[in-house]
2 protein chains.
Amino acid sequence: MAWNLQSDRPIYAQLVEEIQRRIVTGVYPAGSRLPAVRELAVEASVNPNTMQRALAKLEEDGLLYTQRTSGRFVTEETERIMQAKEEMAADLIRRFIESMGTLGYTSEQAMELIKKQKEEEQCKI
Amino acid sequence: MAWNLQSDRPIYAQLVEEIQRRIVTGVYPAGSRLPAVRELAVEASVNPNTMQRALAKLEEDGLLYTQRTSGRFVTEETERIMQAKEEMAADLIRRFIESMGTLGYTSEQAMELIKKQKEEEQCKI
DNA sequence: ATTATTGTATTAGGCTCTTAATACAATAAT
DNA sequence: ATTATTGTATTAAGAGCCTAATACAATAAT
């Protein structure tokens, strides 16, 4: 599991996204315990403070909760997790369509281009 | 024409994207003269230095060129402009499919969701 | 009781981005 | 020739992000 952090955007924001991605895809299952802040920080090669900041945000969003000295856990509310996943996808779609729109492409044209790009991928393999 | 600058990403990078968008969509036609740095800076509500930085990048990319005291102009090479447009679209698609992939969606599912989202848009109107 | 592990808070410093205020350089317009 | 307009460069200051180094607080494990 790579963290793939870029320097063109705040790191803590990228950490939030990556952890959220791991939650909604089941890498960190509902109810499971997360690695400790310090462990996660080492794994992602960031400062514990930065990781802490990201985790605090996810807690604020209700995807994580803390048990003082046992550690942090993914929420047991699977409904909340599915909702987060759908929101993430909807957001990606909305932003994609909007960006393609400003370039002058309709959703239909966008879907056509996705098909084409996929066909090209097929040839590569 | 709005600039829509966000605070979660370097402003100069957003300026590059917006000006590039205006070039490839013909808002700033091939060969035409751009407003002066200071004018653009006022229009976008940013510091002239920041706008200068964005323009220098676009010049480096070959989409603009400078005539010392007459101003800056969009390249006359329409081929270069079309290429830039296609690159921008391809990049958006690649990143979109990649992000949807990390969420567990295939390109087919992504296209399905685009369709659905579009149908919902229809209902709203 | 003691120890280790957990989350959390604080302080200092460096880095990049952004703004602000100038100044300079070149040339088109007058 | 003079003036105005163009791009460009410089310096200083402030804000946000990140790291580093600590220290503290709570509790599970021993």
Side-chain angles (χ1 to χ4, degrees), chain A residues 2-20 22-23 28-76, chain B residues 2-20 22-23 28-76:
Chain A
W3 288 86
N4 285 333
L5 302 176
Q6 316 288 326
S7 60
D8 64 346
R9 229 153 42 93
I11 291 181
Y12 81 93
Q14 299 179 58
L15 295 176
V16 168
E17 283 173 22
E18 175 60 19
I19 297 169
Q20 190 162 346
R22 294 183 182 190
I23 293 173
Y28 298 147
S32 68
R33 182 181 170 281
L34 255 66
V37 187
R38 294 167 177 81
E39 277 181 61
L40 283 172
V42 168
E43 190 193 317
S45 303
V46 299
N47 190 279
N49 293 336
T50 308
M51 184 57 76
Q52 165 82 12
R53 187 170 172 180
L55 294 169
K57 175 66 167 62
L58 287 164
E59 193 157 348
E60 193 184 309
D61 292 349
L63 286 174
L64 300 178
Y65 66 93
T66 297
Q67 266 176 354
R68 197 60 178 86
T69 59
S70 315
R72 268 202 188 75
F73 299 82
V74 178
T75 180
E76 279 99 3
Chain B
W3 288 85
N4 286 332
L5 302 177
Q6 315 289 325
S7 59
D8 64 348
R9 228 153 43 92
I11 292 181
Y12 83 93
Q14 300 180 57
L15 295 177
V16 168
E17 282 173 23
E18 174 61 20
I19 297 169
Q20 190 163 345
R22 293 183 183 191
I23 292 173
Y28 298 146
S32 69
R33 181 182 170 281
L34 255 68
V37 187
R38 293 166 176 82
E39 277 182 61
L40 283 171
V42 168
E43 190 194 316
S45 303
V46 299
N47 190 278
N49 294 336
T50 308
M51 184 57 75
Q52 166 81 14
R53 186 170 174 179
L55 294 169
K57 176 66 167 63
L58 287 164
E59 194 156 349
E60 192 183 311
D61 292 349
L63 285 175
L64 300 179
Y65 65 93
T66 298
Q67 267 177 352
R68 196 61 178 86
T69 59
S70 314
R72 265 201 190 75
F73 299 81
V74 178
T75 181
E76 279 98 3

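We name chains A, B, ... by the order of the sequence lines, and we start the count at 1 in each one.
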Task: Proximity to the side chain of A:Arg38 - top-ranked nucleotide from D:dG7, D:dC18, C:dT6 - done: C:dT6

- [ ] Find the distance between CD1 (A:Ile19) and NZ (A:Lys57) and round it off to the nearest 0.5 Å.
- [x] 11.5 Å

Open item on the list: Without decimals, in angstroms, what is the distance between B:Leu64 CG and D:dG7 C1'?
Closed with: 13 Å

TODO: Report the distance from atom CZ of B:Arg33 to atom P of D:dG7, rounded to the nearest whole Å.
DONE: 7 Å

Open item on the list: Rounding to an integer number of Å, can you tell me how far B:Met51 CE sits from C:dA20 C1'?
Closed with: 16 Å

Task: Minimum heavy-atom distance between A:Val37 and A:Pro48, given as atom pair plus value - done: CG1-O, 3.8 Å

Could I get a table of every N or O pair under 3.5 Å where one atom is in the protein and the other is in nucleotides 14-16 of chain D?
none

Task: Residue pair B:Tyr28 / B:Pro35: nearest heavy atoms and the distance that separates them - done: CE2-CD, 4.4 Å

Task: Steps toward side-chain contact (heavy atoms from CB on, under 4.5 Å) verdict (A:Ile11, A:Trp3) - done: CA-CA 10 Å; A:Ile11 291 181; A:Trp3 288 86; over 6 Å; no

- [ ] Verify side-chain contact (heavy atoms from CB on, under 4.5 Å) between B:Arg72 and B:Glu59, making sure each step is shown before the conclusion.
- [x] CA-CA 9 Å; B:Arg72 265 201 190 75; B:Glu59 194 156 349; 3.2 Å; yes

Task: Whole angstrom value for the distance that separates C1' of C:dT6 from CG of A:Leu55 - done: 13 Å

- [ ] Kindly compute the distance separating CZ (A:Arg53) from CG (A:Leu58), expressed to the nearest 0.5 Å.
- [x] 13.0 Å

Open item on the list: Any strand counts, and the cut-off is 3.5 Å on both contacts for Watson-Crick or G-U wobble. Which nucleotide pairs with D:dC24?
Closed with: C:dG7

Open item on the list: Nearest whole Å is fine: how far is D:dT8 P from B:Asn47 CG?
Closed with: 15 Å

Open item on the list: Between P on C:dT6 and CZ on A:Phe73, what's the gap in Å once rounded to a whole number?
Closed with: 11 Å

Distances for protein N/O vs nucleotides 27-30 of chain C N/O pairs under 3.5 angstrom?
residue: C:dT27; atom: O4'; partner: B:Thr69; partner atom: OG1; Å: 2.7

Task: Spatial distance of atom CG (A:Leu64) from atom CD1 (A:Ile23) [nearest 0.5 Å] - done: 4.5 Å

Task: Minimal non-hydrogen separation, B:Met51 against B:Ala44, with atom names - done: CE-CB, 3.9 Å

Open item on the list: Nearest to the A:Asn49 side chain among C:dA23, D:dA21, C:dG7, which nucleotide is it?
Closed with: D:dA21

Open item on the list: Pick the closest DNA chain C nucleotide for A:Pro35 and for B:Ser45 by heavy atoms, then say which residue is nearer the 5' end.
Closed with: A:Pro35

Open item on the list: As a quick check of understanding, evaluate side-chain contact (heavy atoms from CB on, under 4.5 Å) for A:Leu63 and A:Val74, giving each step before the final call.
Closed with: CA-CA 6 Å; A:Leu63 286 174; A:Val74 178; over 6 Å; no

TODO: Return the nucleotide paired to D:dT30: Watson-Crick means purine N1 to pyrimidine N3 with N6-O4 or O6-N4, wobble means G-U with N1-O2 and O6-N3, both under 3.5 Å.
DONE: C:dA1

Open item on the list: Please list, in numerical order, the residues of residues 4-16 of chain A that have a heavy atom closer than 4.0 Å to any atom of DNA chain D.
Closed with: A:Pro10, A:Ile11, A:Tyr12

Open item on the list: In this structure, how many angstroms lie between the P atom of D:dT6 and the CD atom of B:Gln52, rounded?
Closed with: 13 Å

TODO: Look up atom OG1 in A:Thr50 and atom CD in A:Gln14, then write down how far apart they are to the nearest 0.5 Å.
DONE: 11.5 Å

TODO: Measure the spacing between CG of B:Leu15 and CG of B:Leu5 and express it to the nearest 0.5 Å.
DONE: 5.5 Å

TODO: Take atom CG of A:Leu34 and atom P of C:dT6, then tell me their distance rounded to the nearest Å.
DONE: 12 Å

